[in-house]
Protein chains: 2
Amino acid sequence: MARKTGSHSQITGPKIRAQAQQLFARHGFAAVSMRQIAAAVGVQAGALYLYTPDKEALLFDLLKTHMDELLAAWAEAPRGTGPMAALEAFVRFHIGFNLSRADAVFLSYMELRNLGPENFAMIESQRRAYETELEDILKAGQQAGAFLIPDTKLATMAIIAMLTGVTTWFREGGRLSRPMVEDIYWDMVRKAVGA
Amino acid sequence: MARKTGSHSQITGPKIRAQAQQLFARHGFAAVSMRQIAAAVGVQAGALYLYTPDKEALLFDLLKTHMDELLAAWAEAPRGTGPMAALEAFVRFHIGFNLSRADAVFLSYMELRNLGPENFAMIESQRRAYETELEDILKAGQQAGAFLIPDTKLATMAIIAMLTGVTTWFREGGRLSRPMVEDIYWDMVRKAVGA
DNA sequence: TTTGATACTGAACGGGTGTTCAGTTAACTT
DNA sequence: AAGTTAACTGAACACCCGTTCAGTATCAAA
């Protein structure tokens, strides 16, 4: 056997990325073999190398794509006027985006250490750019007197950690709906940065 | 060569656990080989099996010891009277304990998935017990009217995620000292659960 | 000083790893 | 229908994996 009937790179390529993302998120990058990914796609291991130069590049592609989409989505997200509205927009955006892409979020926080130095630096700088978006909101609110924050950098890290944690416990169809979760988190954040 | 001069199980045993913990935390359980651990200890791979039945048991031992110590330390931690004092005690305890054992904390949150079902269940139940300690404080404060929390379970997860995140950015000797970090986090938590 | 327990080595086991590539078949173009 | 390109196989490469074990050197006790 060689080429499969109905095979197409525009089908196999995305399939590989999707299965790799799921497997990496579930078991960890190092614990997943190229043969396991290939088997999940329905292909032999060698075929993966038509789509990626090596295993690390496959991971980097997933992380890079995720960060690009995160920054692009936030750039286009609706944000009101004033620090309070901007903060609320960020909180709701972050929760919504994270919940809709739990695997990718988990990967981009956990598997950075498997990247080489220059790939690591690229993702890290994007993550910092995203965090700076929140910090800028907090700084602006602080200067405008809308927020009372002892340290904006610490508050940034605290809020992001708190919000990102939602993926560890939230289950679709559980006790709380997504809008309820957003509301409750926003309530806590609003109070935490307030007077 | 066989036995090394000056060798003793009471020295080698702790060395193995310490090196394994550091390597697992840095590179991930799956990415670290028994030979790497052995090399870090200064011993051949086979010698590790005098101290652990297998690799997973080594990880479990680290996680179990950490959770036991966490629960024991909290049980003996000073806590004042009333919900507000109890919450403050928890916040300061959690930050302090986490910062003093960053590797172990990281492991117990990230490498649970490498445990077999029954080992997983044991650690998971201890973690839930710890989380319940915080939730009980929040519930008591809510009923006493000291806190205003829409959902105590969500608030529990949110606060723990926020506090645990301190290990990802805090560096000893940096801009902020430990007491300052504790103060600022406590300020945010206090306001977040307040009216 | 002999003896037995303790701590470790070094080689081996079967199997899995990422990656390469000549060969083969399906899909597309002319 | 013939020729070309795209997609994939299956075997092989050198190496690393967790784990076992007979053998050996050191330590502690008698």
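Heavy-atom basis, side chains included; hydrogens, waters and symmetry copies ignored. Reminder, nothing fancy here: chain letters follow the sequence lines and each chain counts from 1. Since the model is a prediction, treat every value here as computed from it, not as a measurement.
- When the side-chain nitrogen and oxygen atoms of A/K4 are compared with OP1 and OP2 of D/dT9, one or more of them lie within a distance under 4.0 Å.
- Remark: A/R127 qualifies as a cation-pi partner of A/Y109 under the 6.0 Å distance and 45° angle criteria applied to the six-membered ring.
- Considering CD of A/E133 and CZ of A/F93, their distance stands at 9.5 Å, rounded to 0.5 Å.
- Nearest-nucleotide positions on DNA chain D place A/V43 closer to the 5' end than the other of A/V43 and B/M34.
- Atom CG in A/L59 sits roughly 15 Å away from atom C1' in C/dG18 (whole-Å rounding).
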- Determine, stepwise, if the pair B/K64 / B/D61 fulfils salt bridge (Lys or Arg N to Asp or Glu O under 4.0 Å). CA-CA 5 Å; B/K64 185 73 169 59; B/D61 181 55; over 6 Å; no
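- Taken residue by residue, residues 6-16 of chain A places heavy atoms nearer than 4.0 Å to DNA chain D at A/S7, A/S9, A/T12.
- Sorted by residue number, the members of residues 47-55 of chain B with any non-hydrogen atom under 4.0 Å from DNA chain D read B/Y49, B/D54, B/K55.
- Note that CG of A/L148 and CD of A/Q142 are 6.0 Å apart. Values are rounded to the nearest 0.5 Å.
- Here the closest non-hydrogen pair linking A/L138 and A/F147 is O-CD1, 3.7 Å.
- Proximity of the aromatic rings of A/F90 and A/W74 is defined here by a centroid distance below 6.0 angstrom, and this criterion is met.
- Note: B/H94 and B/Y130 meet the aromatic proximity criterion, with ring centroids under 6.0 Å apart.
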- Query: What one-letter contact string describes nucleotides 11-16 of chain D from 5' to 3', where B marks a base within less than 4.0 Å of any protein heavy atom, S marks contact via sugar-phosphate atoms alone, and - marks no contact?
  - Reply: -B----
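- Under the 6.0 Å distance and 45° angle rule, A/R113 does not count as a cation-pi partner of A/F29.
- At a cut-off of 3.5 Å, with distance as the only test, no side-chain donor of A/E56 or A/N114 sits close to an acceptor on the other residue.
- One cannot find a donor-acceptor pair under 3.5 Å joining the base of C/dT25 and the side-chain atoms of A/R3.
- The environment of CD in A/Q10 is sparse: at most 12 heavy-atom neighbours from other residues, nucleotides or ligands sit within 6.0 Å.
- Taking atom CD on B/Q44 and atom P on D/dT19, their separation rounds to 17 Å, with Å as the unit.
- Counting to the nearest Å, the C1' atom of C/dT17 and the CD1 atom of A/I37 are 12 Å from each other.
- Contact record, A/L23 with A/I37: CD1-CA, 3.8 Å, taken as the closest heavy-atom pair.
- Residue B/V32 is in sugar-phosphate contact alone, with no base atom involved, counting any heavy-atom pair closer than 4.0 Å across all strands shown.
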